[in-house]
Protein chains: 2
Amino acid sequence: MDATRWLDEREDRAWRGYRRMRRLLDLELARELTQDAGLSEPDYDVLSDLSETPEGRLRLSELADRMLWSRSRLSHHLSRMQQRGLVTREECADDARGSIVVLTPAGRQAVESAAPGHVAAVRRHLIDLLTPAEVDALGELTHRVVDRLADPGLRATRPQPAAEV
Amino acid sequence: MDATRWLDEREDRAWRGYRRMRRLLDLELARELTQDAGLSEPDYDVLSDLSETPEGRLRLSELADRMLWSRSRLSHHLSRMQQRGLVTREECADDARGSIVVLTPAGRQAVESAAPGHVAAVRRHLIDLLTPAEVDALGELTHRVVDRLADPGLRATRPQPAAEV
DNA sequence: CTACGGTCGATGACATGTCAACAAACCAAC
DNA sequence: GTTGGTTTGTTGACATGTCATCGACCGTAG
């Protein structure tokens with residue numbers, strides 16, 4: 001019974017624009033990051049999140065949650081980064097299962113020298129192309145969408161197959 | 001000389017929000033697509049672009065350009081989709097190097113039955129959460145960014161290592 | 001204490017994406 | 001028409017991401 005509500009012209013423009021921007025921005029930022037700093041975007045994200053903590057150390061699961069990565073993916077990626085000397089793993093004192101990811105001096109060096117260029121690229125290709133009002137709107141709108149997606153309770157009305165108490 | 005212009009609070013909010021939305025939206029859309037239609041996002045994109053042409057056929061390179069994929073990636077992906085009977089390859093009449101990607105009946109069937117659910121998901125998780133003004137703003141802003149990135153000429157002032165010519 | 005269900009992180013098998021190299025075919029200049 | 005440089009699509013090697021599974025460990029209920 002449901003005649004699909006397709007996207008009208010404006011909605012379509014927004015959706016296509018979003019996807020295209022997503023792709024192009026990614027390619028360009030990754031390209032510059034590799035060229036200028038020898039890091040991939042995932043590398044940078046790991047290092048960046050780590051460096052935001054005072055000690056440069058985070059529980060693996062905590063880091064995974066922040067990054068919205070699976071523990072498995074993070075574990076694999078850390079192994080590679082460990083090979084390159086960017087991070088180390090230490091045992092967790094209060095939970096013997098746990099593992100703590102630690103930024104090495106080389107790792108900190110790597111983010112710190114990559115960061116200015118990366119921020120500049122983000123500005124050049126995105127932020128500085130927007131009006132202040134657009135920046136605010138983008139912040140507002142993305143957070144609204146994120147809050148919905150992050151909270152399974154709010155995840156809203158999708159035709160349910162069946163009710164369960 | 002260049003004290004890095006870090007992102008201020010609002011800019012940071014927008015940038016983080018964007019990346020978080022990007023990730024969560026992707027996960028959720030991919031999840032629903034797989035569950036409801038047995039297709040990955042890349043699968044859907046290929047089929048969708050093909051189905052937008054009258055004949056459901058496109059030159060491989062043309063398709064790759066539209067999708068912003070490398071020919072290599074597309075070629076690999078098509079081989080897998082071909083295995084599953086979603087597309088076929090045909091020889092190109094006017095260019096013997098060329099290869100034409102053709103939507104099979106099963107392929108068309110797959111997109112057509114996946115599309116309504118997918119559009120609904122896009123609405124539920126993004127479009128319908130925005131005001132009409134926000135939809136317009138998003139369309140406007142993304143296209144501005146895309147135009148810059150797509151046109152190497154406009155790609156603007158990055159500190160050049162040296163002048164040529 | 002110990003038994004049990006859950007969490008943590010690592011791992012291997014596999015799916016997917018990237019990159020460089022290649023053969024074939026095109027095309028423009030001679 | 002032949003040469004030389006370019007474009008096209010495929011391929012294999014490799015990097016990365018996903019998924020299921022596992023052993024180790026945690027916490028709690030009995």
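None of these values were measured; they are calculated from a predicted model. To find a chain, count down the sequence lines: A is the first, B the second, and so on, and within it residues start at 1.
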Legend entry - Upstream residue (5' side of DNA chain D) when B:Arg23 and B:Arg73 are each assigned their closest nucleotide: B:Arg73

Legend entry - Value in whole Å for how far the C1' atom of C:dC8 lies from CG of A:Leu58: 16 Å

Inset, instruction - Could you check A:Glu9 against A:Arg13 for salt bridge (Lys or Arg N to Asp or Glu O under 4.0 Å), going step by step and ending with a plain yes or no? - result: CA-CA 6 Å; A:Glu9 196 178 333; A:Arg13 174 173 152 91; over 6 Å; no

Inset, instruction - Taking only heavy atoms on the protein side, list every residue of residues 80-98 of chain B lying under 4.0 Å from any atom of DNA chain D, sorted numerically. - result: B:Arg89, B:Arg97, B:Gly98

Inset, instruction - Provide, to the nearest angstrom, the distance between the CG atom belonging to B:Leu60 and the P atom belonging to D:dT7. - result: 16 Å

Inset, instruction - Could you tell me the separation between the CH2 atom of A:Trp69 and the P atom of C:dG9, rounded to a whole number of Å? - result: 15 Å

Inset, instruction - Ignoring hydrogens and angles, answer whether the base of D:dG9 and the side-chain atoms of B:His76 contain a donor-acceptor pair closer than 3.5 Å. - result: no

Inset, instruction - Salt-bridge test for B:Asp136 and A:Arg10: reply yes if a basic N is under 4.0 Å from a carboxylate O, no otherwise. - result: yes

Inset, instruction - Give a yes or no on whether a salt bridge exists between B:Glu28 and B:Arg124, defined as a side-chain N under 4.0 angstrom from a carboxylate O. - result: no

Legend entry - Length of the line joining A:His77:NE2 and D:dC19:P, which is rounded to integer Å: 18 Å

Inset, instruction - Round to a whole Å and report the spacing from CD of B:Glu62 to P of D:dT7. - result: 16 Å

Legend entry - Salt-bridge criterion met for A:Asp95 and A:Arg59 (N-O under 4.0 Å): yes

Legend entry - Ion pair check, A:Glu62 and A:Arg71, cut-off under 4.0 Å: no

Inset, instruction - Answer yes when A:Arg5 and B:Asp128 have at least one side-chain N-carboxylate O distance shorter than 4.0 Å, and no when they do not. - result: yes

Legend entry - N/O donor-acceptor pair, side chain B:Ser72 with base D:dT11, under 3.5 angstrom: yes

Inset, instruction - Give a yes/no answer on whether the side chain of A:Ser75 brings an N or O atom under 4.0 Å of OP1 or OP2 in C:dA10. - result: yes

Legend entry - side-chain N/O B:Arg59 vs D:dG9 OP1/OP2, d < 4.0 Å: yes

Inset, instruction - Whole angstrom is fine here: how far is it from CZ in A:Arg31 over to C1' in C:dC19? - result: 16 Å

Inset, instruction - Would you state whether a donor and an acceptor, one from the side chain of A:Ser61 and one from the base of C:dC8, lie under 3.5 Å apart? - result: no

Inset, instruction - Nearest whole angstrom, please: distance from the C1' of D:dG17 to the CG of A:Leu78. - result: 14 Å

Legend entry - Separation of atom CG in B:Leu27 from atom C1' in D:dT18, rounded to whole Å: 11 Å

Inset, instruction - State whether A:Arg22 and B:Glu41 are salt-bridged, where the test is any N-O pair (Lys NZ or Arg NE/NH1/NH2 against Asp/Glu carboxylate O) under 4.0 Å. - result: no

